[in-house]
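Worksheet: the structure to be examined is printed underneath.
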There are 2 protein chains.
Amino acid sequence: MAKHIQSLERAAAMLRLLAGGERRLGLSDIASSLGLAKATAHGILRTLQHEGFVEQDPGSGRYQLGAELLRLGTTYLDVHELRARALVWTDDLARSSGEAVYLGVLHQHGVLIVHHVFRPDDSRQVLEVGAMQPLHSTALGKVLAATDPVAHAELVDAKREPFTARTVTELDEIERALDLTRAQGYATDNEETFEGVAAVAAPIYDRRRLAVGSVGITGAVERVCRDGELRPELVAAVRDTARSVSRDLGAKPF
Amino acid sequence: MAKHIQSLERAAAMLRLLAGGERRLGLSDIASSLGLAKATAHGILRTLQHEGFVEQDPGSGRYQLGAELLRLGTTYLDVHELRARALVWTDDLARSSGEAVYLGVLHQHGVLIVHHVFRPDDSRQVLEVGAMQPLHSTALGKVLAATDPVAHAELVDAKREPFTARTVTELDEIERALDLTRAQGYATDNEETFEGVAAVAAPIYDRRRLAVGSVGITGAVERVCRDGELRPELVAAVRDTARSVSRDLGAKPF
DNA sequence: CGATAGCGTTTAGCATTGTCGAACGCGGCA
DNA sequence: TGCCGCGTTCGACAATGCTAAACGCTATCG
């Protein structure tokens, strides 16, 4: 007997397919991509459309994601306890560090950004809440992989794409970096994800001492590094913020 | 024969229930709220959890919305053509008007905010993308109700809640306001939604001359009004922006 | 300009599939 | 320690959603 409801799994696969294929997709594309009869795909899409999860372009008949997903996704942020507790502290971190602050949680094979404070200057920046980052090359991801066994397993299974010349993709080399992360209590990303961009992140724990997320700052390597290493005062600020949020979540500091 | 897939409708109802009930809900609450057997609700929730649409608190066993909704909701914004076209113009409007800019589309019984540019000062503001606003009291909503027949029908059906002493709830009085909106090409909200807050909005049309959204500014009544009326230069700026976006979408300007 | 190929949609019948009621194991509470 | 409530599992039935084939439509091309 199947352990999961078939039509729901198929509907979820459709939503993910529509999310991946940067543009609108036709019914036939969807049906063949998932190996379904056109009528089956149509029935699911009709229901999803009625519920607001997908929309159909009246002209071309093609399908795309629907507005209800945005509404529910925003509601997820409102309910998220970690995010609510972190809101108070991340603004201060952005101000004191002068850099952009990110808050991430494990989701599937990567880090989902649930909060993002802009770097406090007047430059134009785009909000990255809802975006995904890889586990193996980012500071947020390495912290999660070092402290959350589930995240670690995801990192081992995932294919580790090289983004720059400095990206570490060999598993044993990554393990050493994770050991270092566990030993010193924070992780760095020294141009391993984007050229010229470095980051620091530290883990956030809940009342059961389990890692539930990570918080960190990201910025141009010229500003956040000195002599090829992250500036110690920035590392300290990030770790302080992570500890403050953990304390708010009920983690005992011993 | 049923026109829609039962399990999908039930799953969608669960997600909406979880989105509404500000906190985590237990299985029994969900099952009884929807009139389902506990085992049925459990099967659906288990699948939704496996797909990332709901999460379960390990301690209490209660359910809440899942992270996948945030990821998909953000993707919806990326695909949204109206939003992409408007991005270029809304920044300019915020700068020239000095006020916060909102972009909304009709969704269910209200206006869904799909873009929000902060007022260009250094005050702390919260992003309202993904939030819903009522049709009957807001400038964005009245524009949609005046130009989109579907939105108008939703406004008529919805229960029109009074938010301030100035909120108009009588249907014939609203109809006169909508007639005025159609005649002058924009709508206002003069402390009808929040005390001390006023707004202007104008419609955005696509290449088939159908209203697909509305754009407007919102701010303290002392700044955006003079002699109890919206300042004409702000009205002109909003209407210019709406026309620019409409032109980008392919609407012919005759 | 008519034939064609592809699209999204609808239809009918079958068997797979999701649903239900009842029982289970496990906590907190008195 | 007994109880009540929770989330979860089990097994059988029939309602449910799936499949395959045919439909109307638009756009394309010989």
Side-chain angles (χ1 to χ4, degrees), chain A residues 1-18 21-66 79 206-208 210 250, chain B residues 1-18 21-66 79 206-208 210 250:
Chain A
M1 185 196 285
K3 275 196 74 65
H4 292 288
I5 293 179
Q6 188 186 50
S7 54
L8 273 182
E9 284 189 314
R10 289 171 168 177
M14 282 183 195
L15 292 178
R16 256 179 267 116
L17 187 68
L18 288 172
E22 294 290 322
R23 230 178 46 261
R24 296 183 249 260
L25 291 176
L27 171 62
S28 304
D29 304 327
I30 298 173
S32 65
S33 293
L34 300 177
L36 300 176
K38 278 200 298 181
T40 305
H42 177 66
I44 295 173
L45 282 169
R46 181 176 34 175
T47 306
L48 286 175
Q49 180 182 18
H50 183 252
E51 301 293 338
F53 290 98
V54 306
E55 294 168 0
Q56 187 175 25
D57 186 70
S60 64
R62 284 204 177 88
Y63 292 92
Q64 64 168 50
L65 293 181
V79 179
D206 69 357
R207 56 186 69 90
R208 286 164 313 182
L210 297 176
Chain B
M1 185 197 287
K3 276 195 73 67
H4 292 287
I5 294 179
Q6 189 185 47
S7 54
L8 272 182
E9 285 189 314
R10 288 171 168 177
M14 282 183 195
L15 292 178
R16 256 180 267 114
L17 188 68
L18 288 171
E22 295 290 321
R23 229 180 44 262
R24 296 184 248 259
L25 291 176
L27 171 62
S28 303
D29 303 329
I30 298 173
S32 65
S33 292
L34 301 177
L36 299 176
K38 278 201 298 181
T40 306
H42 178 66
I44 296 174
L45 282 169
R46 182 179 28 176
T47 306
L48 286 175
Q49 180 182 18
H50 183 252
E51 301 294 337
F53 290 98
V54 305
E55 293 169 2
Q56 187 175 24
D57 186 69
S60 64
R62 284 204 177 89
Y63 293 93
Q64 65 168 47
L65 294 182
V79 179
D206 69 356
R207 56 186 69 90
R208 286 163 312 182
L210 297 175

Worksheet item: Can you tell me if B:Thr47 uses its side chain to pair, donor with acceptor, with the backbone of A:Ile5 under 3.5 Å?
Response: yes
Practice prompt. Answer yes or no: is there a donor N or O on one side and an acceptor on the other, between the side chain of B:Gln56 and the main chain of B:Gly61, under 3.5 Å?
Written response: yes
Worksheet entry | Same-atom distance (C1') from C:dT17 to C:dG13, integer angstrom | 16 Å
Item to complete: Would you please test B:Glu55 and A:Val79 for side-chain contact (heavy atoms from CB on, under 4.5 Å) and show each step?
Response: CA-CA 11 Å; B:Glu55 293 169 2; A:Val79 179; over 6 Å; no
Atom pair distance, as rounded to whole Å: [atom1] in [X] and [atom2] in [N]:
{"X": "B:Ile44", "N": "D:dG17", "atom1": "CD1", "atom2": "C1'", "answer": "14 Å"}
{"X": "A:Leu45", "N": "C:dG8", "atom1": "CG", "atom2": "P", "answer": "10 Å"}
{"X": "A:Gln6", "N": "D:dA15", "atom1": "CD", "atom2": "C1'", "answer": "15 Å"}
{"X": "A:Met14", "N": "C:dG8", "atom1": "CE", "atom2": "C1'", "answer": "14 Å"}
{"X": "B:Arg62", "N": "D:dG5", "atom1": "CZ", "atom2": "C1'", "answer": "12 Å"}
{"X": "A:Leu8", "N": "C:dT16", "atom1": "CG", "atom2": "C1'", "answer": "16 Å"}
{"X": "B:His42", "N": "C:dG18", "atom1": "NE2", "atom2": "P", "answer": "15 Å"}
{"X": "B:Asp57", "N": "D:dT8", "atom1": "CG", "atom2": "C1'", "answer": "17 Å"}

Discussion item. Under 4.0 Å from OP1 or OP2 of D:dC6: is there any side-chain N or O of B:Tyr63 that close?
Written reply: no
Item to complete: Look at the side-chain N and O atoms of A:Gln56 and state whether any lies under 4.0 Å from the OP1 or OP2 oxygen of C:dT9.
Response: yes
Discussion item. side-chain contact (heavy atoms from CB on, under 4.5 Å) for B:Met14 and B:Val54? Distances and angles first, verdict last.
Written reply: CA-CA 10 Å; B:Met14 282 183 195; B:Val54 305; over 6 Å; no
Fill in: Candidate nucleotides C:dG18, D:dG7, C:dT10, ranked by approach to the side chain of A:Ser7 - the nearest
C:dG18
Discussion item. More than 12 heavy atoms of other residues, nucleotides or ligands under 6.0 Å from CZ of B:Arg207: yes or no?
Written reply: no
Polar-atom pairs under 3.5 Å, protein N or O versus N or O of nucleotides 20-30 of chain C: list them with distances, or write none.
{"from": "C:dC20", "atom 1": "OP2", "to": "B:Thr40", "atom 2": "OG1", "distance (Å)": "2.5"}

Item to complete: Using a 4.0 Å heavy-atom cut-off across all strands, classify B:Leu27 as base, sugar-phosphate, or nothing.
Response: base
Worksheet item: So what does B:Gly43 touch, heavy atoms closer than 4.0 Å: a base, only the sugar-phosphate, or nothing?
Response: nothing
Throw together a table of side-chain donor-acceptor distances under 3.5 angstrom for residues 28-35 of chain B, partners on residues two or more places apart or in other chains.
{"from": "B:Asp29", "atom 1": "OD2", "to": "B:Gly26", "atom 2": "N", "distance (Å)": "3.3"}
{"from": "B:Ser32", "atom 1": "OG", "to": "B:Ser28", "atom 2": "O", "distance (Å)": "3.1"}
{"from": "B:Ser32", "atom 1": "OG", "to": "B:Asp29", "atom 2": "O", "distance (Å)": "3.1"}
{"from": "B:Ser33", "atom 1": "OG", "to": "B:Asp29", "atom 2": "O", "distance (Å)": "2.8"}

Practice prompt. Could you grab the distance from atom CG of B:Leu45 to atom CG of B:Leu18, nearest 0.5 Å is fine?
Written response: 7.0 Å
